[in-house]
Amino acid sequence: MIKEKSYYIDTYGCQMNVHDSEKIAGILKEKGYKPADDISQADIIIFNTCCIRETAEKKIFGSIGNTKKYKKVNKELIIAVVGCMAQQEGIQEKIQKSYGFVDIVLGSLNFHNLSDAIDSVLTKRKFFAQIEKDAKPAIKEDMPIYRTSGVNAWVNITYGCDNFCSYCIVPYVRGRERSRSPQAVLDEIKRLLDEGYREITLLGQNVNSYCNDMDNNWNFAKLLEEISKINGKFRTRFMTSHPKDFNQEIVDIIKQSKNICKSVHLPVQSGSNRILKLMNRKYTREHYLELIDHINTIPKVGITTDIIVGFPTETKEDFEDTLSLVEEVRFSNAFTFVYSKRSGTKAAEMPQIDKLTKKKRIMELVALQNKITKEISQDYIGKIEEILVEDTNPKIKGVICGRTDNGRLVNFYGDKKLIGEFVDIKITSAKSSALWGELNV
Ligand code: 5AD
Ligand code: SF4
């Protein structure tokens, strides 16, 4: 019997990458590969990479280095490095020089050519690389997708980013902003709901600028409105929003629609106007707080954010502005990052601040946000929340979990047959960021 070939995908970075890996898996499945039980057993290992911070890159190179040993055992093994890190200038050369056992390098705008790349390596046994130079390539609508995200399905609405925040590498590696056609997005959502998915997450670097690049009178609010007209019980989430494009119309639709979750991820990045300007974020602290006031008119809304500390030239006062904004908004959760210098970006040319200061600031910020998250969590105790059951808890046997409409994770003891169902849970306790509860029958 011929052994079926298998693949292992090691994914780094954001949800966009997680979804790209589902497309990579789709290509591999079509080629006759099946998922490997373990990386050591795979016939092809794909690193779907991220370069948003230096820590991600270091980790990825460590993991790539670890696979050299598998090549000694399996001479036919193919190793591929794809995605954002691979798209960066100089990375292909670095890989060829220091990781000569890697067979394929494909940029983030090229991974749909994985099938050709594999065929080339199998026939010629020669290194294959392809890095797209056109920053606005056409959108590929016909890619196979092997979804692995349970009851939740990711749906791209835009690709790339035009904002050029001064710290960020994304516009350089993901190309210019391109919106998918509303018809393609709506058709995909309807198909996924027919297939049984219960939660749709719309993906884009800046979902609020949806269709700004098209001449079609559509915008993000209109897309949400059309989605809200689709029949059936399901949830829609979206990420990421940009404060410069988020508006009242979006707030109104969230309020009116039963299918759009009362959950908004609105990265603020800094509470200091001076730093926001240097970051090229195109809004002020005051504008952001005004938006938060509007969003807070949505009953039970959950607001989360991203914050960077230690941006070049950030002073004690700038950082205090960030802390005071966090106190004022009381985010239900915040993703906090230490600024990481990315070569090629504007901020990389600015005067950097020292490592120790960055470390102290991130610790202070995390402690503050943890306190707030804990306090907000306590308010849920005794309340009944509708949960979409998503998965089993990987750490505790018999425990299943899901999210509230506004995005809070809830664990409870229950039958895994409930996965995919909406259930009412009485919240009994709050542990760090997760809530615990019991079925309310
Ligand atoms: N350093 C630290 N954090 C960054 N982010 C983006 N670029 C950098 C960088 N160079 C953060 C931002 C963004 C999130 C996805 O990653 O907060 O919203
Ligand atoms: Fe990066 Fe800014 Fe674009 Fe987000 S909006 S991907 S932070 S450049």
Side-chain angles (χ1 to χ4, degrees), residues 12-20 49-59 83-85 87-88 108-109 135-136 156-179 201-210 212-213 220 238-246 264-272 275-283 288 303-314 319 322 325-326 331 333-350 352-353 355 357-359 361-362 365-366 369:
Y12 295 81
C14 61
Q15 280 78 7
M16 194 71 80
N17 264 15
V18 173
H19 186 38
D20 282 351
T49 62
C50 168
C51 55
I52 199 131
R53 282 169 288 273
E54 196 187 359
T55 40
E57 274 190 32
K58 280 198 175 143
K59 208 166 151 199
C84 291
M85 189 185 87
Q87 184 78 30
Q88 268 180 301
S108 50
L109 305 168
K136 212 167 178 173
N156 291 113
I157 66 165
T158 65
Y159 297 93
C161 180
D162 282 355
N163 293 311
F164 289 93
C165 300
S166 64
Y167 49 81
C168 186
I169 195 75
V170 169
Y172 302 90
V173 293
R174 287 262 177 191
R176 296 290 58 73
E177 189 172 282
R178 287 147 288 145
S179 300
T201 304
L202 309 175
L203 290 178
Q205 306 298 345
N206 172 6
V207 288
N208 313 122
S209 60
Y210 178 64
N212 279 6
D213 57 319
F220 185 59
F238 53 87
M239 59 173 35
T240 292
S241 288
H242 194 307
K244 82 177 167 61
D245 297 307
F246 198 94
V264 177
H265 181 63
L266 195 65
V268 65
Q269 312 298 3
S270 170
S272 151
I275 295 295
L276 286 172
K277 196 155 181 28
L278 285 176
M279 285 178 162
N280 192 30
R281 289 291 287 177
K282 301 194 174 83
Y283 56 85
Y288 186 87
I303 308 175
T304 54
T305 199
D306 292 347
I307 300 172
I308 297 176
V309 303
F311 183 83
T313 77
E314 186 187 66
F319 176 60
T322 297
L325 181 131
V326 167
F331 296 106
N333 209 349
F335 300 89
T336 52
F337 307 103
V338 170
Y339 166 75
S340 170
K341 185 172 154 184
R342 305 284 66 206
S343 78
T345 62
K346 285 250 166 69
E349 311 296 321
M350 300 177 191
Q352 306 290 310
I353 71 167
K355 227 171 160 179
T357 306
K358 289 190 199 174
K359 199 170 162 194
R361 289 184 186 164
I362 192 91
L365 178 62
V366 167
Q369 182 56 47

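When a ligand or atom number is given, it counts from 1 through the structure's own listing order.
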>> Can you pull out every side-chain hydrogen bond (donor to acceptor under 3.5 Å, both in side chains) where at least one residue sits in residues 158-170? Sequence neighbours excluded, please.
In response: K23-Y159, N156-Y159, D162-R176, N163-K244, Y167-Q269, Y167-R281
>> Would you compute the distance between atom CG of L276 and atom OH of Y288 and round it to the nearest 0.5 angstrom?
In response: 10.5 Å
> So, do Y172 and F164 have ring centers that fall under 6.0 Å from each other?
Replying inline: yes
>> If only side-chain N and O atoms count, and only distance matters, is there a donor-acceptor pair under 3.5 Å linking S179 with D213?
In response: yes
> What are the protein N/O/S atoms, named by residue and atom, that sit under 2.8 Å from atom 3 (Fe) of ligand 2?
Replying inline: C161 SG
> Say you draw a straight line from CD1 of I308 to CZ of F337; how long is it, rounded to the nearest 0.5 Å?
Replying inline: 8.0 Å
> Is there a donor-acceptor contact under 3.5 Å from the side chain of S108 to the main chain of V173?
Replying inline: yes
> Does the pair E57/R342 count as a salt bridge with the N-to-O cut at 4.0 Å?
Replying inline: yes
>> Are the side chains of I157 and Y210 in contact, using a 4.5 Å heavy-atom criterion?
In response: yes
> Taking the six-membered ring for Trp, are the ring centroids of H265 and F335 within less than 6.0 Å of each other?
Replying inline: yes
Output block, N or O contacts of ligand 1, threshold 3.5 Å exclusive:
from: ligand 1; atom 1: 1 (N); to: S340; atom 2: N; distance (Å): 2.9
from: ligand 1; atom 1: 3 (N); to: R53; atom 2: NH1; distance (Å): 3.1
from: ligand 1; atom 1: 5 (N); to: R53; atom 2: NH1; distance (Å): 3.4
from: ligand 1; atom 1: 10 (N); to: Y167; atom 2: O; distance (Å): 3.0
from: ligand 1; atom 1: 10 (N); to: S340; atom 2: O; distance (Å): 2.8
from: ligand 1; atom 1: 16 (O); to: R53; atom 2: NH1; distance (Å): 3.1
from: ligand 1; atom 1: 17 (O); to: Q269; atom 2: OE1; distance (Å): 2.7
from: ligand 1; atom 1: 17 (O); to: Q269; atom 2: NE2; distance (Å): 3.4
from: ligand 1; atom 1: 18 (O); to: Q269; atom 2: NE2; distance (Å): 2.9
from: ligand 1; atom 1: 18 (O); to: D306; atom 2: OD2; distance (Å): 2.6

> Please state which protein non-hydrogen atom is closest to atom 7 (S) of ligand 2 and give its distance, to 0.1 Å?
Replying inline: Y167 OH, 3.4 Å
>> Just to be sure I read this right, does ligand 2 sit under 4.0 Å from the backbone of R281, its side chain, both, or neither, counting only heavy atoms?
In response: side chain
> Got a sec, which residues hit ring-ring contact (aromatic ring centres under 6.0 Å, His included) with Y12, two or more places apart in sequence or on another chain?
Replying inline: none
